[in-house]
S.K.: 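Sharing a structure, written as C-alpha cells. Questions coming.
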Amino acid sequence: MSATVVVTGTGTGVGKTIVTAALAAVALAAGQRVAVLKPAQTGIGPDEPGDADVVAALVPGVTVRELARYPDPLAPATAARRAGRPPVTPDAAAGAARALARDHDLVLVEGAGGLLVRFDDDGGTLADVARSLGAPVVVVAVAGLGTLNHSSLTVQALHARGLVCAGVVVGEWPDTPDLAAECNLADLPATTGVPLLGALPARLGTAPPDRFRTVACHTLGPSPLGRWQDAGS
C-alpha cells in the first residue's frame with residue numbers, strides 16, 4: 001500500500017528540500033520506490049534548477065515532479081497572479097500525488113514556505129493538500145532561538161485541522177550549536193507534543209549522493225515511515 005507524507009516548514013529557508021531529499025534517501029535505501037512532488041516552485045526562472053532538481057541530484061533513483069514554477073520569490077498564489085498564470089490548486093496537487101502513488105511506495109509532497117501559505121486566491125494551502133490525501137505531515141524547523149514558538153504554532157495549526165503531525169526535523173544543525181539549540185533538542189518534543197525525528201547537519205545538501213544517503217539514514221533511522229502512519233494513535 002502506497003504511503004504519502006507531506007513536508008512543510010515553520011517558514012521559508014528552514015531546509016525543507018534537504019529534509020525531503022533525506023526522507024527519500026532513507027526510503028530508497030530500504031528498497032522503496034519513491035517519488036517527490038513539488039506542487040509550486042517560486043523564485044526561480046525557467047532554466048534554473050528548482051527544489052525538485054536538487055532532490056534528484058542528491059538522491060539518484062528518485063522520481064521528481066514539479067507542477068508549476070513562477071519567477072517571483074513570493075507565496076505561490078501571489079507569484080502566480082503576478083506572472084499572469086493559473087495557480088496550482090490543492091486539488092491539483094493532491095491529484096498529482098495520487099497519480100504518483102500508483103507507481104511508487106512512497107510519495108513525498110514538499111510545500112512552499114510554511115503550512116498556511118496560500119496556493120491560490122481561494123485560500124487553499126498545503127494543509128488542504130494533506131487533508132485531501134489523508135497524509136501525515138512532517139514539520140521542518142530551525143535549530144535555534146524562536147523555534148519552539150514557530151514549531152508549536154505549526155503543530156497546533158495541523159491538529160486544529162484534524163491532521164496528523166508525524167514529528168519535527170531540524171533542517172540544519174549548526175557546527176557549533178548555541179545554548180538555545182542544545183536546549184531545543186529536549187524542549188521541541190516537550191513543547192510541541194510530537195517527536196523530534198532528527199536533526200540534519202549543516203551543509204548536508206553539498207554532500208555527494210553516497211555520503212548524503214549515509215548521513216540521512218544515520219540521522220533519521222533506517223525505517224521511520226512505518227511509525228509515522230500511526231503517529232496519531
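Below, each value reflects all heavy atoms present in this structure, side chains not excepted, and no hydrogens, waters or symmetry copies.
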S.K.: State, with a plain yes or no, whether a side-chain heavy atom of Val34 is found less than 4.5 Å away from one of Asp105.
M.R.: no
S.K.: Enter the distance from Lys16:NZ to Leu23:CG here, rounded to the nearest 0.5 Å.
M.R.: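 Between Lys16 NZ and Leu23 CG, I get 13.0 Å after rounding to 0.5 Å.
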S.K.: Hey, does Thr42 have a side-chain heavy atom less than 4.5 Å from the side chain of Pro73?
M.R.: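 A side-chain contact is absent here, since even the closest heavy-atom pair is not under 4.5 Å.
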S.K.: Check whether any side-chain heavy atom of Val7 sits under 4.5 Å from a side-chain heavy atom of Val140, and report yes or no.
M.R.: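 Contact flag for Val7/Val140 side chains = yes.
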S.K.: Consider only side-chain heavy atoms of I, L, V, M, F, W and Y, link residues closer than 4.5 Å, and tell whether Val117 and Leu67 are in one cluster.
M.R.: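 Different hydrophobic clusters.
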S.K.: Work out which heavy atom in Leu197 is nearest to a heavy atom in Leu220; give both atom names and the distance.
M.R.: O-CD2, 3.7 Å
S.K.: When you look at CG of Leu145, are more than 12 heavy atoms from neighbouring residues, nucleotides or ligands closer to it than 6.0 Å?
M.R.: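 Atom CG in Leu145 is not crowded, with 12 or fewer foreign heavy atoms closer than 6.0 Å.
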S.K.: Just do the side chain to side chain contact (heavy atoms under 4.5 Å, CB included) check on Phe119 and Val129 with the steps written out, would you?
M.R.: CA-CA 10 Å; Phe119 274 28; Val129 179; 4.1 Å; yes
S.K.: Hey, is the main chain of Ala181 close enough, under 3.5 Å, to the side chain of Asp178 for a donor-acceptor pair?
M.R.: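 Answer holds: yes.
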S.K.: Test your reading of the model: is there a side-chain donor-acceptor pair from Arg85 to the backbone of Arg69, 3.5 Å cut-off?
M.R.: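 Indeed, once roles are kept as given, a pair shorter than 3.5 Å links the two residues.
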S.K.: Counting C-beta onward and ignoring hydrogens, is there a side-chain heavy-atom pair between Leu204 and Phe212 closer than 4.5 Å?
M.R.: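 Side-chain contact under 4.5 Å: yes.
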S.K.: Check for me, please, whether Val142 and Leu153 land in the same ILVMFWY cluster - side-chain distances under 4.5 Å, paths through other members count.
M.R.: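 Different clusters: Val142 never reaches Leu153 through Ile, Leu, Val, Met, Phe, Trp or Tyr contacts under 4.5 Å.
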S.K.: Is Pro209 close to Arg213 at the side-chain level, that is, under 4.5 Å between some pair of heavy atoms?
M.R.: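 Counting from C-beta outward, Arg213 and Pro209 never come under 4.5 Å.
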S.K.: Just jot down the side-chain hydrogen bond (donor to acceptor under 3.5 Å, both in side chains) partners of Asp120, sequence neighbours excluded, or say none.
M.R.: none
S.K.: Is a donor on one side and an acceptor on the other found under 3.5 Å between the side chain of Asp53 and the backbone of Gly50?
M.R.: yes
S.K.: Taking the side chain as every heavy atom from C-beta outward, state whether Val5 and Val109 have any atom pair closer than 4.5 Å.
M.R.: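 They are not in contact (no side-chain heavy atoms under 4.5 Å apart), so the answer is no.
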S.K.: Pro87 and Tyr70: which non-hydrogen atoms are nearest, and at how many Å?
M.R.: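 Closest pair (atom of Pro87, atom of Tyr70, distance): CA-OH, 3.4 Å.
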S.K.: Tell me if the CZ atom of Arg211 is crowded by more than 12 foreign heavy atoms within 6.0 Å.
M.R.: no
S.K.: What is the distance from atom CD of Glu110 to atom CG of Leu37, rounded to the nearest 0.5 Å?
M.R.: 9.5 Å
S.K.: Rounded at 0.5 Å granularity, tell me how far CG in Asn184 sits from OG1 in Thr147.
M.R.: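 The CG atom of Asn184 sits 6.0 Å away from the OG1 atom of Thr147.
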S.K.: For a quick test of reading the model, state the closest non-hydrogen atom pair linking Ala135 to Val6 and the distance between them.
M.R.: CB-CG2, 4.0 Å
S.K.: Measure across Leu126 and Gly111 and return the closest heavy-atom pair with its distance rounded to 0.1 Å.
M.R.: CD2-CA, 3.7 Å
S.K.: Please report the closest heavy-atom contact between Leu58 and Gly205, naming both atoms and the distance.
M.R.: CD2-O, 3.5 Å
S.K.: Assess the residue pair Val139 and Leu158 against the criterion (side chain to side chain contact (heavy atoms under 4.5 Å, CB included)); give the C-alpha distance rounded to whole Å, side-chain angles, the decisive distance to 0.1 Å, and a yes or no.
M.R.: CA-CA 10 Å; Val139 175; Leu158 287 167; 3.9 Å; yes
S.K.: For the residue pair Arg161 and Leu116, establish whether any side-chain heavy-atom pair is separated by less than 4.5 Å.
M.R.: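 Yes, at least one pair of side-chain atoms sits under 4.5 Å.
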S.K.: Please give me the minimum heavy-atom distance between Leu115 and Ala157, naming the atom from each residue.
M.R.: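 Closest approach of Leu115 to Ala157: CD2-CB, 3.9 Å.
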S.K.: Do Leu74 and Val88 belong together in a cluster built from hydrophobic side chains that touch within less than 4.5 Å?
M.R.: no
S.K.: When you measure from the side chain of His104 to the backbone of Leu100, do you find a donor-acceptor pair of N or O atoms at a distance under 3.5 Å?
M.R.: yes
S.K.: Can you tell me how far CG of Asp128 sits from OG1 of Thr125, rounded to the nearest 0.5 angstrom?
M.R.: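 Separation between the atoms: 4.0 Å.
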S.K.: Is Val168 reachable from Trp173 through a run of I, L, V, M, F, W or Y residues, each pair having side-chain heavy atoms under 4.5 Å apart?
M.R.: yes
S.K.: Between the main-chain N or O of Gly45 and the side-chain N or O of Glu48, is there a donor-acceptor pair closer than 3.5 Å?
M.R.: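 Here the side-chain-to-backbone pair exists.
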S.K.: Taking atom CD of Gln156 and atom OG of Ser151, what is their separation to the nearest 0.5 Å?
M.R.: 11.0 Å
S.K.: Donor-acceptor pair, distance only, cut-off 3.5 Å: does the side chain of Thr206 make one with the backbone of Arg203?
M.R.: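 Answer holds: yes.
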S.K.: Passes side chain to side chain contact (heavy atoms under 4.5 Å, CB included), His159 versus Val194? Steps please.
M.R.: CA-CA 11 Å; His159 289 167; Val194 299; 4.3 Å; yes
S.K.: Does Gln41 reach the main-chain N or O of Asp51 with its side chain, forming a donor-acceptor pair under 3.5 Å?
M.R.: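 Answer holds: yes.
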S.K.: Under a plain distance cut-off of 3.5 Å, with no hydrogens placed, do Arg98 and Thr4 share a side-chain donor-acceptor pair?
M.R.: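 Checked: Thr4/Arg98 side chains show no N/O donor-acceptor pair below 3.5 Å.
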S.K.: Report the distance from atom SG of Cys183 to atom CG of Leu188, rounding to the nearest 0.5 Å.
M.R.: 11.0 Å
S.K.: Can you confirm whether Ile18 sits close enough to Leu200 that some side-chain heavy atom of one is under 4.5 Å from a side-chain heavy atom of the other?
M.R.: yes
S.K.: Donor-acceptor pairs under 3.5 angstrom involving side-chain atoms of residues 76-84: please list them, not counting sequence neighbours.
M.R.:
from, atom 1, to, atom 2, distance (Å)
Arg81, NE, Asp121, OD2, 3.3
Arg81, NH2, Asp121, OD1, 2.8
Arg82, NE, Asp72, OD2, 2.7

S.K.: Does Thr154 reach the main-chain N or O of His150 with its side chain, forming a donor-acceptor pair under 3.5 Å?
M.R.: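 Yes, the answer is positive, given that a donor and an acceptor are paired below the 3.5 Å cut-off.
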S.K.: Against Leu108, only a single residue in Val55, Val62, Val36, Val138 fulfils side chain to side chain contact (heavy atoms under 4.5 Å, CB included); can you say which?
M.R.: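 So, applying the side chain to side chain contact (heavy atoms under 4.5 Å, CB included) to Leu108 and each of Val55, Val62, Val36, Val138, only Val36 qualifies.
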